[in-house]
Engineer: 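Below are the C-alpha cells for one structure; questions will follow.
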Amino acid sequence: MRPDSVWASAPKPFTSVSLLALAAFCALPAQAQSIKTQDKADPRRANSAKILQEQNPQDKDGGKDDEKQVDDSYQPKGIELGSFLLLPQIEVSEGYNSNIYARATDRKSDFTTRITPEFQLRSRFANHMLNISARAEQSLFATYTDDNHLDASTNIVGRYDFSREWEANGSFDAYQAYEDRGSPDAVNGKSPTPTYGFGGRTGTKFQVGRYTFSSEINGARRMFGNVDTSAGTTINNSDRDRNEFGAMGRGSYELFPGYAAVAQVEVNRRQYDSSRDRAGYNRSSSGWRAETGIGVDITQLVRGDFLIGYLKQDYEDSRFKDPSGLAVKSVLNWTPNRMTVVALSLERSVQETTTVNASGMVHSGASVLIRHEMQRNIILTGTASAFQDEFKGANQTNWTYDARARAVYALQPELYVGGELGFRRRTSDKTDVGFSQGVALLRIGARM
C-alpha cells in the first residue's frame with residue numbers, strides 16, 4: 001500500500017496526531033537549525049521592537065503571527081515548564097471567499113469557519129536553543145462541504161553553540177495540508193488534493209575574524225493523495241510523489257561594519273517515485289545555482305541580502321527544455337522607526353510542476369510588506385506581490401497579483417481580535433487559467 005493511501009485512510013484527527021508524534025519522536029535527539037531573528041530571543045523581550053526582521057513577504061502566513069507583534073504589556077506570560085516556556089493558543093475565524101474554486105467562469109462563493117489550535121514550546125537556555133511548535137487548522141465550508149479539510153504541521157528547530165564563533169543547527173518538520181484550489185497544478189477534483197510530507201535539515205556556521213562560513217544539507221519527502229471527480233472517477237496523483245535533496249555553502253567577508261561581500265552555491269536533486277508521469281515524462285532532475293552580492297546588517301535599521309547569479313535545472317527526459325539563466329534572491333528589512341517595518345523581496349527560482357510539456361516552472365516575483373504598530377495593542381499590516389510563472393516548454397505564462405490588508409487588536413494579553421481583506425488575480429495566455437478572488441475574514445483568539 002502506498003504511504004499516502006495509509007494517510008488518506010486514517011481518520012483526520014488521528015492523521016494530525018500521528019504527524020505531530022512522528023516529528024517529535026524523530027527530532028528530539030537532533031540539534032536544530034539557525035532561525036530568523038525573532039526566534040533567537042523571547043518575543044516578549046523588553047526594550048526592543050517586536051516588528052524587526054520580518055520573514056520573506058512572499059511567505060503566505062495568513063497573518064498568524066501578527067498578534068505576537070504587540071507591546072510587551074499585551075503579551076501572554078505563558079506556562080513555565082522548567083527551562084521552557086509553553087505558549088498555547090486557539091483561534092476561530094469566519095471568512096468569505098468570492099471564488100472558492102479559483103475558476104475563470106462558474107464561480108462559487110462560500111463562507112468558511114476555521115478553528116486553529118496551536119502551541120509553541122520555547123527554550124530559555126543561557127546557551128543553545130530548542131523550540132517546538134505544532135499547529136492544526138480545521139476548515140469548515142458552509143455550503144460546499146466537500147472542501148472541508150484539516151491541515152496540521154509541526155516543527156522542531158534549534159541550535160547548539162560550541163563557542164561564540166561556532167554553532168551547529170538543524171530542524172525537522174512534518175505536515176498534512178491540502179493543495180490550494182488556485183495552484184497551477186490543481187487537478188480540479190471533487191475535493192482539494194491532500195498532500196503529506198516531512199523533512200529536515202542540518203548545518204553549521206563558523207566565524208573567524210571578518211570571515212563567516214556556513215553550510216547546510218537538507219532532504220524532504222513529498223506525497224500527494226488521490227482525489228475523486230464529480231463524474232465518479234479517481235485522479236491518481238502518485239506520479240507527483242518525490243524525494244528532494246539539497247546542499248548549500250555560503251561564505252562572507254565583512255568589508256566594513258554592517259556590510260559584507262557574500263558568495264553562495266546551492267545544488268539539488270529531485271527524484272520522483274515514478275519513472276514516467278501520467279503524460280509519459282520523466283520529471284526527475286538535478287540543478288544548481290551560484291550567486292554573489294552584498295549582505296547588509298546595520299544595527300536594527302537595515303538588514304538584508306542582495307544576491308544575483310546563475311541557475312540551471314537539468315531534467316532526465318531529453319524532450320524537456322532545461323530552465324537556466326538569471327538567479328536572484330534578495331530580501332531587505334528596513335525599520336525606519338520602532339513602530340514600522342518595511343520588508344521587500346525579489347526572487348527568481350525553478351519550481352516543480354506537472355503541467356503537460358513543461359519541464360519546470362520558472363518563478364520570478366517581487367513583494368513588499370509594511371507593518372505598523374498603530375498603538376501598543378494595534379498592529380496594521382499590508383502586503384502586495386506580483387509574480388510571473390513561466391512554464392518552460394509549454395508556451396504558457398501566468399501573472400499573479402495579490403494584495404492584503406490585516407489588523408490585529410489585542411484586547412488584553414490573553415485575548416485578541418483581527419480582520420483581513422484580500423484580493424488575488426491571475427492572468428494567463430492559456431484559456432480558463434486566469435481568475436480573480438476576493439476574501440474577507442474576522443478572527444478571535446485566546447492564549448496563555
Side-chain angles (χ1 to χ4, degrees), residues 33-34 55-60 183-185 197 199 201 203 212-220 222 240 242-253 260-272 277 281-296 304-332 343-368 385-400 428:
Q33 173 202 12
S34 69
Q55 298 182 8
N56 186 331
Q58 291 190 19
D59 296 339
K60 305 297 184 185
S183 166
D185 294 330
R201 63 185 67 209
T212 301
F213 302 97
S214 59
S215 62
E216 175 186 285
I217 58 174
N218 58 74
R222 307 196 187 282
R240 301 176 65 182
R242 62 184 182 267
N243 297 313
E244 298 179 354
F245 305 97
M248 181 275 291
R250 175 186 172 106
S252 65
Y253 174 75
V262 178
Q264 183 169 304
V265 177
E266 298 177 59
V267 296
N268 69 74
R269 173 64 183 172
R270 301 167 183 176
Q271 183 68 50
Y272 282 75
D277 67 7
Y281 292 101
N282 182 355
R283 293 198 167 274
S284 296
S285 67
S286 299
W288 61 272
R289 63 187 294 156
E291 296 160 299
T292 187
I294 297 293
V296 180
D305 275 352
F306 305 88
L307 304 181
I308 189 169
Y310 188 84
L311 60 80
K312 185 174 178 59
Q313 196 74 22
D314 294 315
Y315 288 83
E316 294 185 0
D317 199 309
S318 60
R319 294 169 292 177
F320 278 148
K321 291 184 178 180
D322 294 332
S324 62
L326 180 69
V328 177
K329 186 183 294 181
S330 297
V331 177
L332 171 67
L344 303 105
S345 75
L346 293 172
E347 182 181 4
R348 189 172 191 267
S349 59
V350 178
Q351 300 180 4
E352 294 299 284
T353 182
T354 54
T355 300
V356 176
N357 298 326
S359 56
M361 185 173 67
V362 181
H363 176 89
S364 305
S367 59
V368 59
S385 64
F387 56 86
Q388 179 197 70
D389 291 323
E390 178 189 357
F391 297 81
K392 199 69 174 178
N395 297 319
Q396 176 183 341
T397 300
N398 297 347
W399 278 93
T400 304
S428 177

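Worth saying up front: this structure is predicted, and the values here are computed from it rather than measured.
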Engineer: If the threshold is 4.0 Å, N to carboxylate O, is there a salt bridge linking Arg222 and Glu244?
Structural biologist: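 Yes.
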Engineer: If I take atom CZ from residue Arg270 and atom OG from residue Ser286, how far apart are they, to the nearest 0.5 angstrom?
Structural biologist: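 Reported value, rounded in 0.5 Å steps: 9.5 Å.
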Engineer: Specify the closest pair of heavy atoms between Arg283 and Tyr272, including all atoms of both residues, with the distance to one decimal.
Structural biologist: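 So the minimum-distance heavy-atom pair works out to O-CE1, 3.4 Å.
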Engineer: Got a second to check how far Trp288's CH2 is from Asn268's CG, nearest 0.5 Å?
Structural biologist: 11.5 Å
Engineer: With respect to Ser428, which candidate in Thr397, Asp389, Asn398 satisfies the side-chain contact (heavy atoms from CB on, under 4.5 Å) definition?
Structural biologist: Asn398
Engineer: Between Tyr315 and Pro323, which heavy-atom pair has the shortest distance, and what is it?
Structural biologist: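 Heavy atoms only, the tightest pair is CE1-CD, 3.6 Å.
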Engineer: Treating Asp322 as the side-chain partner and Asp314 as the backbone partner, does any N or O pair qualify as donor plus acceptor under 3.5 Å?
Structural biologist: no
Engineer: Could you measure the distance from the CD atom of Gln264 to the OG atom of Ser215? Nearest 0.5 Å is fine.
Structural biologist: 11.5 Å
Engineer: Among Arg250, Met248, Glu216, find the residue that satisfies the side-chain contact (heavy atoms from CB on, under 4.5 Å) test when tested with Glu266.
Structural biologist: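 Of Arg250, Met248, Glu216, side-chain contact (heavy atoms from CB on, under 4.5 Å) with Glu266 is met by Met248 alone.
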Engineer: At what distance, to the nearest 0.5 angstrom, does CZ of Arg242 lie from OG of Ser285?
Structural biologist: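 Separation between the atoms: 9.5 Å.
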Engineer: Tell me whether the count of non-hydrogen atoms from other residues, nucleotides or ligands lying under 6.0 Å of CD1 in Ile217 goes above 12.
Structural biologist: no
Engineer: Is there a donor-acceptor contact under 3.5 Å from the side chain of Thr292 to the main chain of Val262?
Structural biologist: yes
Engineer: Could you go through Phe320 and Asn282, starting from their C-alpha distance and side-chain angles, then the distance that decides it, and tell me whether this counts as side chain to side chain contact (heavy atoms under 4.5 Å, CB included)?
Structural biologist: CA-CA 9 Å; Phe320 278 148; Asn282 182 355; over 6 Å; no
Engineer: Using a 3.5 Å distance criterion without hydrogens, assess whether the side chain of Ser345 forms a donor-acceptor pair with backbone atoms of Ser330.
Structural biologist: no
Engineer: For the residue pair Asn357 and Tyr281, confirm or rule out a side-chain donor-acceptor distance under 3.5 Å.
Structural biologist: yes
Engineer: So, taking the atom named CE in Met361 and the one named CD in Glu352, what distance separates them when rounded to the nearest 0.5 Å?
Structural biologist: 9.0 Å
Engineer: Which heavy atom of Ser359 sits nearest to which heavy atom of Thr353, and what is that distance?
Structural biologist: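 Where Ser359 meets Thr353 most closely, the heavy atoms are O-CG2, 4.3 Å.
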Engineer: Would you please say whether a donor-acceptor pair under 3.5 Å links the side chains of Ser284 and Gln271?
Structural biologist: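 Result is yes, a qualifying pair exists.
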Engineer: How about Asn395: does its CG atom have over 12 heavy atoms from other parts shown lying under 6.0 Å from it?
Structural biologist: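 Open.
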Engineer: Testing Lys312, Lys329, Gln313 one by one against Arg289 for a side-chain contact (heavy atoms from CB on, under 4.5 Å), which residue passes?
Structural biologist: Lys329
Engineer: Looking at every non-hydrogen atom in both residues, tell me the closest pair between Gly295 and Asp305 and how far apart they are.
Structural biologist: CA-OD1, 3.6 Å
Engineer: Looking at Asp185 and Thr354, would you say the former's side chain and the latter's main chain have a donor-acceptor pair under 3.5 Å?
Structural biologist: yes
Engineer: How far apart are the closest heavy atoms of Leu326 and Arg348, and which atoms are they?
Structural biologist: O-NH1, 2.7 Å
Engineer: Considering all heavy atoms of both residues, which atom of Pro184 and which atom of Phe391 are nearest to each other, and what is their separation?
Structural biologist: CB-CZ, 3.7 Å
